[in-house]
> 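Shown below is the structure under consideration.
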There are 2 protein chains.
Amino acid sequence: MLSKKTKYALHALTYLGKHRENKTVLIQDIAEEHGISHKFLENILLELRKAGYLGSKKGKGGGYYLIKEPKDIPLSRVIRLLDGPIALLPCVSLNYYEPCAECKDEAHCGINKVMIQVRDETLKILENKSLQDILDEE
Amino acid sequence: MLSKKTKYALHALTYLGKHRENKTVLIQDIAEEHGISHKFLENILLELRKAGYLGSKKGKGGGYYLIKEPKDIPLSRVIRLLDGPIALLPCVSLNYYEPCAECKDEAHCGINKVMIQVRDETLKILENKSLQDILDEE
DNA sequence: TATAAACCCTATAAAATTTATAGACAATAT
DNA sequence: ATATTGTCTATAAATTTTATAGGGTTTATA
């Protein structure tokens with residue numbers, strides 16, 4: 001399951017995607033819309049900005065806005081950013097690889113091999129779904 | 001990522017699958033093979049037995065053994081049993097459904113709709129990979 | 001029939017992670 | 001000037017995961 005962080009990130013991105021005509025959107029507005037903590041959301045939006053998905057403007061009249069096209073924000077990226085690996089095991093993660101302590105010989109581990117296949121197929125799904133797909137459904 | 005519980009379960013199932021000629025296998029043997037806690041693994045094997053994947057025999061000469069064909073143990077089942085939902089959000093889980101607090105109107109939530117698609121495609125993968133596939137790779 | 005081996009079961013503790021909060025700081029419009 | 005709004009880092013609270021503990025029950029076998 002996705003963490004609340006990722007879930008809130010998706011809601012925030014969706015909200016921003018639906019309000020692209022506005023120059024900026026307040027954290028507060030998104031937080032209120034979904035009944036989530038302003039401060040918690042703040043940290044999430046900050047991460048999204050640092051990752052290059054959002055722009056921001058400080059001071060009165062400030063706020064956040066999307067700086068990428070919704071079609072260029074795949075779910076895989078959002079999940080990796082906030083939740084970490086998409087792979088089911090550390091030993092098959094492309095971006096967060098770590099060996100599994102309990103595995104003596106990764107090269108001959110059937111679990112490893114199968115999980116690589118699962119990872120590749122899962123990635124295909126999550127790379128092909130983007131914020132645009134979410135917006136299209138709203 | 002899978003929990004250690006699920007990961008250990010997969011290792012145990014693999015071990016049992018590779019030792020089907022033996023009548024029984026000791027918890028201790030599996031635990032030692034992978035350097036994991038005997039007691040922790042005990043609880044996991046118990047769950048696998050209660051779920052109908054393993055049989056056990058008490059007393060001297062006892063132990064665990066597979067009672068299902070490896071091809072009839074899909075990854076989806078093992079993951080659900082030990083880790084819970086496969087769906088990325090509670091609101092799209094088939095087996096562990098719960099509404100999302102921050103979502104006002106599930107029927108018109110694009111995130112919900114897209115996650116249903118992701119769930120269905122993910123399920124296809126995990127239902128089609130079984131313990132047999134792991135064994136075939138060893 | 002005594003004994004040791006092995007799983008059964010429930011409870012609890014420890015560790016790690018996730019979720020949430022706090023508060024001082026910086027930029028900007030008016 | 002002042003109020004507004006994002007920035008950033010630290011810490012606390014809550015939850016979940018991981019691990020341990022220990023007394024049962026069953027069974028083979030000497």
> Report yes if some heavy atom in the side chain of A/K7 is under 4.5 Å from a heavy atom in the side chain of A/M1; otherwise report no.
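Heavy-atom side-chain distance check fails, nothing below 4.5 Å.
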> Which ones in residues 15-27 of chain B lie close to DNA chain C, meaning a heavy atom under 4.0 Å from one of its atoms?
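Close to the strand are B/V25, B/L26, B/I27.
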> With a 6.0 Å cut-off on the ring centroids, do A/Y15 and A/H19 count as close?
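So the answer is yes for these two rings.
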> Roughly, in whole Å, what's the span from CG in B/D29 to C1' in C/dA5?
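From B/D29 CG to C/dA5 C1': 13 Å.
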> Using whole Å, report how far CE of B/M1 lies from C1' of C/dT18.
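Going from CE in B/M1 over to C1' in C/dT18 covers 15 Å.
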> So does A/K124 pair up with B/E121, basic N to acidic O under 4.0 Å?
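Here A/K124 does not pair with B/E121 in a salt bridge, since their nearest N and O are not under 4.0 Å apart.
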> Taking only Lys NZ, Arg NE, NH1 and NH2, and the carboxylate oxygens of Asp or Glu, determine whether A/E33 and A/K18 approach each other closer than 4.0 Å.
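The answer is no: the pair does not qualify as a salt bridge.
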> Do A/E106 and A/K113 meet the salt-bridge criterion of a basic N to acidic O distance under 4.0 Å?
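Looking at A/K113 and A/E106, the cut-off is not met.
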> Looking at A/K39 and A/E42, does any basic side-chain N land under 4.0 Å from a carboxylate oxygen?
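Salt bridge between A/K39 and A/E42, a charged N being under 4.0 Å from a carboxylate O: yes.
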> Answer yes or no: does a side-chain N or O of A/S3 lie under 4.0 Å from OP1 or OP2 of C/dT17?
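No, no such contact exists.
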> Give the rounded distance in Å between these two atoms: OH of B/Y64 and P of D/dT27.
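So the two atoms are 14 Å apart, to the nearest Å.
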> Give the residues of residues 30-59 of chain B touching DNA chain C, defined as any heavy atom closer than 4.0 Å, sorted by residue number.
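Result for residues 30-59 of chain B: B/K39, B/E42, B/N43, B/L46, B/R49, B/K50, B/S56, B/K57, B/K58, B/G59, sorted by number.
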> For the pair A/Y8 and A/F40, name the ring-plane relationship: parallel under 30°, tilted 30 to 60°, perpendicular over 60°.
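Perpendicular: the ring planes of A/Y8 and A/F40 meet at over 60°.
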> Measure from NZ on A/K60 to P on D/dA1 and round the result to the nearest Å.
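A/K60 atom NZ is separated from D/dA1 atom P by 17 Å.
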> Atom CD of B/Q28 and atom C1' of C/dA4: how far apart are they, to the nearest Å?
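From B/Q28 CD to C/dA4 C1': 16 Å.
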> Working to the nearest 0.5 angstrom, can you tell me the gap between A/L48 CG and A/L82 CG?
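One finds 5.5 Å between CG of A/L48 and CG of A/L82.
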